[in-house]
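Here the structure comes first, spelled out in structure tokens, and everything after it is commentary.
This chain uses plain numbering: 1 for the first residue, then up along the sequence.
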Amino acid sequence: MHLAVEMFNSCGEIESYVREVRAEYEDAFSSTDRTPLAMEIQGASEDNSSLNIQEGSVDEPDRLRVGSKQIYFSHGNRITVMNRATLGIVGNLELGSWKKIEMFTDGDKLIALGKVIEDYSERVLVRSYAIRSATELPSLTSERGIAGKYVDARLFNGRVILLTSGYISEGGIGDSVAGVDCSRVSVPLIRDLDFSYSRISSLSTSDLNASPSELGLMGLADLLYVTSDSIYVVKNNSWWPGARDSMSALAKVTGLSDGNLLLRAVGVVKGQVKDRWALKEFSAQKAIAIASTYNEEGNRNQLAVLQENGEKLEEKAKVSNFGKNEDIRAVRYVGDMAYVVTFEKTDPLFAINLHDPMNPTLQGELEVPGFSTYLHPVQGQRLMGLGFDATDMGSFSWFQGVKVALYDVHDPFHLAQIASNTLGSRGSYSEATANPHAFYFDEHRQEAGFPIVEVSGGDGLGGYGQQIEFSGAVLYSAGSLSLKGRLTHANWIPEDCKKTMAIPHWWQASGTSFDISRLAKVDGRLLSFSEFGWKQHSVDSPSNVVAELAFISTMDTHKECPQGNPYLY
């Protein structure tokens, strides 16, 4: 298999590629014997909680940001600005038709990102605001629009790394791919039925009007992983007639220091990569570990280590065939260890030693009911797992309520579950099961919390509960999993919004509720935020509210729900 960085020479070459793949797809289904086509691999501080991010030096956007002078929280189509010292509301930054607003803070700048849909076309708007004082609204200094669908973003060294995507229609390219020069678009490693493009843009936070450095990748990128050295983009392959195994393409991009993006190396691994937490870079070895699930006589899993060799990311080592007939649900790298959760009926937690990345070894396995979709390290060589309970039905399982568990991983050969708790019945949900930014952790006090909507009424099998028993957030002691408090904004939520919150949720559709969506520790104060306001809670008795402020001063709890929740889709 030959792998190398290869770019298209012209827009005409891209259009030809799209026509060729369409023709191959049509031929595969017009053939009388439908001979399968093989997949072609082508050459080409103690007092504050912090945002829960993957790489400490690389910032990630979220709807809650705590700056040195102010606190920012996005809800609806606005950003509410609060004085950090007094928690009083300074005012709102109104953003019109923006949806899913997320932010960075970068010194004396606030960077806002949001999606806008106009005339059936989607684009991402990025705005930079100057932060002047604690009592003034930040002032707009520059703005840039990027065509395409928002995928993800990072902030590093004064630059926003933005990943967007779009669709290439046959004959509809023109003289660029959504503004990216066609000679800056890479030839795909995986030839499949995917006519999308992915676009990496590097924007200076000092002046968004300055022309960004950009690269294009053929195919829809599924996830973004950024370290202080490199940008990694992963594309899981789309369906292709006759393809036996799924595959994922990995592109490594450099240019974080000067903003000049360069596609440096590419590689392919078997299987589908669940999320960015499945990747971990080992810069000393120019290597990256990646966990994936593939289909070969039943689902199989692997953790492969790829090393950079020229323009190639070559597989050098792997641990494979663990959790057979199960899919990877969560991955977390802690020190030299990788912890992987797979699931079909029970929740196996695997411990893989990566002290020598070129010789990874599987050391331990633990099976417990249910499965985790997010893992978080806590003090005492323990892991907290957040996911769902499950009922074993023989050949499959029904997922049930939200499950939080505590694991002892100090001895990787003898993993143990210390405690667990299931909240609600089937249909209960927490944004933190899919979005780690919603998971709160106070390292100094060793407390963990997350938003929750608990419903009851499920039958313990496939029936969903639809009666809300509790909405808000829960706070646990990370050392024992003892419940420290239940926090809620339910008194502020209009009745129509509560009806929306009660709609049954599939476990992979764990959207944001109208109740508490973020917890934060700011200057010794425990704060909760929802669409409708903030509350301050007693640090020692978190269920007790010591101060609060509604974003809408004349809140009528019987009015209609305001335009739906933009974070639910």
Is there a side-chain contact between [X] and [Y], using heavy atoms and a 4.5 Å cut-off?
X: Ser471; Y: Ser513; answer: no
X: Val453; Y: Asp515; answer: no
X: Leu155; Y: Val58; answer: no
X: Leu349; Y: Glu367; answer: no
X: Gln302; Y: Val269; answer: yes
X: Asp327; Y: Thr342; answer: no
X: Arg191; Y: Val21; answer: yes
X: Val368; Y: Ser420; answer: no

Does CD belonging to Gln417 count more than 12 external heavy atoms closer than 6.0 Å? yes
Where do [X] and [Y] come nearest, in terms of heavy atoms and distance?
X: Thr293; Y: Glu326; value: CG2-O, 3.9 Å
X: Pro357; Y: Val305; value: O-CG2, 3.2 Å
X: Gln54; Y: Leu279; value: NE2-O, 3.5 Å
X: Asp59; Y: Thr105; value: OD2-O, 4.1 Å
X: Lys235; Y: Leu220; value: CG-O, 3.3 Å
X: Leu354; Y: Pro360; value: CD2-CB, 3.6 Å

[X]: what forms a side-chain hydrogen bond (donor to acceptor under 3.5 Å, both in side chains) with it, not counting sequence neighbours?
X: Arg199; answer: Glu214
X: Asp229; answer: none
X: Glu314; answer: Asn309, Lys316
X: Thr164; answer: none

Side chains of [X] and [Y], donor plus acceptor under 3.5 Å:
X: Glu281; Y: Tyr232; answer: yes
X: Ser248; Y: Asn236; answer: yes
X: Ser196; Y: Asp194; answer: yes
X: Asn52; Y: Glu60; answer: no
X: Asp408; Y: His410; answer: yes
X: Glu55; Y: Tyr225; answer: yes
X: Thr391; Y: Gln400; answer: yes
X: Arg300; Y: Ser320; answer: no

Just jot down the salt bridge (charged side-chain N to carboxylate O under 4.0 Å, His left out) partners of Lys274, sequence neighbours excluded, or say none.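 Result, salt bridge (charged side-chain N to carboxylate O under 4.0 Å, His left out) vs Lys274: none returned.
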With sequence neighbours excluded, what pairs up with Lys149 under the salt bridge (charged side-chain N to carboxylate O under 4.0 Å, His left out) test? none
My understanding is that only residues two or more places apart in sequence, or in another chain, count here; which of them pass ring pair (Phe, Tyr, Trp, His ring centres under 6.0 Å) with [X]?
X: Tyr197; answer: none
X: Phe322; answer: Phe350
X: Phe529; answer: Phe73

Would you say the side-chain atoms of [X] pair up with the backbone N or O of [Y], donor to acceptor, closer than 3.5 Å?
X: His414; Y: Pro412; value: no
X: Ser428; Y: Val455; value: yes
X: Arg154; Y: Leu224; value: yes
X: Ser198; Y: Ala221; value: yes
X: Asp442; Y: Gln446; value: no
X: Gln307; Y: Leu313; value: no
X: Ser541; Y: Ser538; value: no
X: Ser543; Y: Arg486; value: yes
X: Ser292; Y: Lys270; value: yes
X: Ser430; Y: Pro451; value: yes

With sequence neighbours left out, what residues match Ser57 under side-chain contact (heavy atoms from CB on, under 4.5 Å)?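 Scan of Ser57 (side-chain contact (heavy atoms from CB on, under 4.5 Å), adjacent residues dropped) gives Phe156, Ser228.
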Salt bridge (charged side-chain N to carboxylate O under 4.0 Å, His left out) partners of residues 460-482, not counting sequence neighbours, each pair once: none
Hey, mind stepping through Tyr150 and Glu102 against side chain to side chain donor-acceptor pair (under 3.5 Å) and telling me if it holds? CA-CA 11 Å; Tyr150 174 73; Glu102 296 184 326; 3.0 Å; yes
Between [atom1] of [X] and [atom2] of [Y], what distance do you get to the nearest 0.5 Å?
X: Glu447; Y: Leu519; atom1: CD; atom2: CG; answer: 10.5 Å
X: Leu217; Y: Leu189; atom1: CG; atom2: CG; answer: 9.5 Å
X: Lys318; Y: Ile352; atom1: NZ; atom2: CD1; answer: 12.5 Å

So among Phe343, Phe388, Phe371, which one has a ring-ring contact (aromatic ring centres under 6.0 Å, His included) with Phe399?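 Single ring-ring contact (aromatic ring centres under 6.0 Å, His included) partner of Phe399 among Phe343, Phe388, Phe371: Phe388.
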Take Arg63 and Glu531, measure what salt bridge (charged side-chain N to carboxylate O under 4.0 Å, His left out) needs, and give me the verdict at the end. CA-CA 11 Å; Arg63 60 188 305 199; Glu531 302 293 304; 2.5 Å; yes
N/O donor-acceptor pairs under 3.5 Å from side chains in residues 375-382, not counting sequence neighbours:
residue : atom : partner : partner atom : Å
His376  : ND1  : Tyr374  : OH           : 2.8
Arg382  : NH1  : Gly479  : O            : 2.5

Less than 4.0 Å between a side-chain N and a carboxylate O, is that true for Lys252 and Glu308?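 Salt bridge between Glu308 and Lys252, a charged N being under 4.0 Å from a carboxylate O: yes.
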Whether Arg518 and Asp62 form a salt bridge (side-chain N of Lys/Arg under 4.0 Å from carboxylate O of Asp/Glu) is what I want to check.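 Yes.
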Please determine whether salt bridge (charged side-chain N to carboxylate O under 4.0 Å, His left out) holds for the pair Arg329 and Asp275, giving the CA-CA distance in whole Å, both sets of side-chain angles, and the decisive distance to 0.1 Å. CA-CA 9 Å; Arg329 299 300 190 203; Asp275 57 28; over 6 Å; no
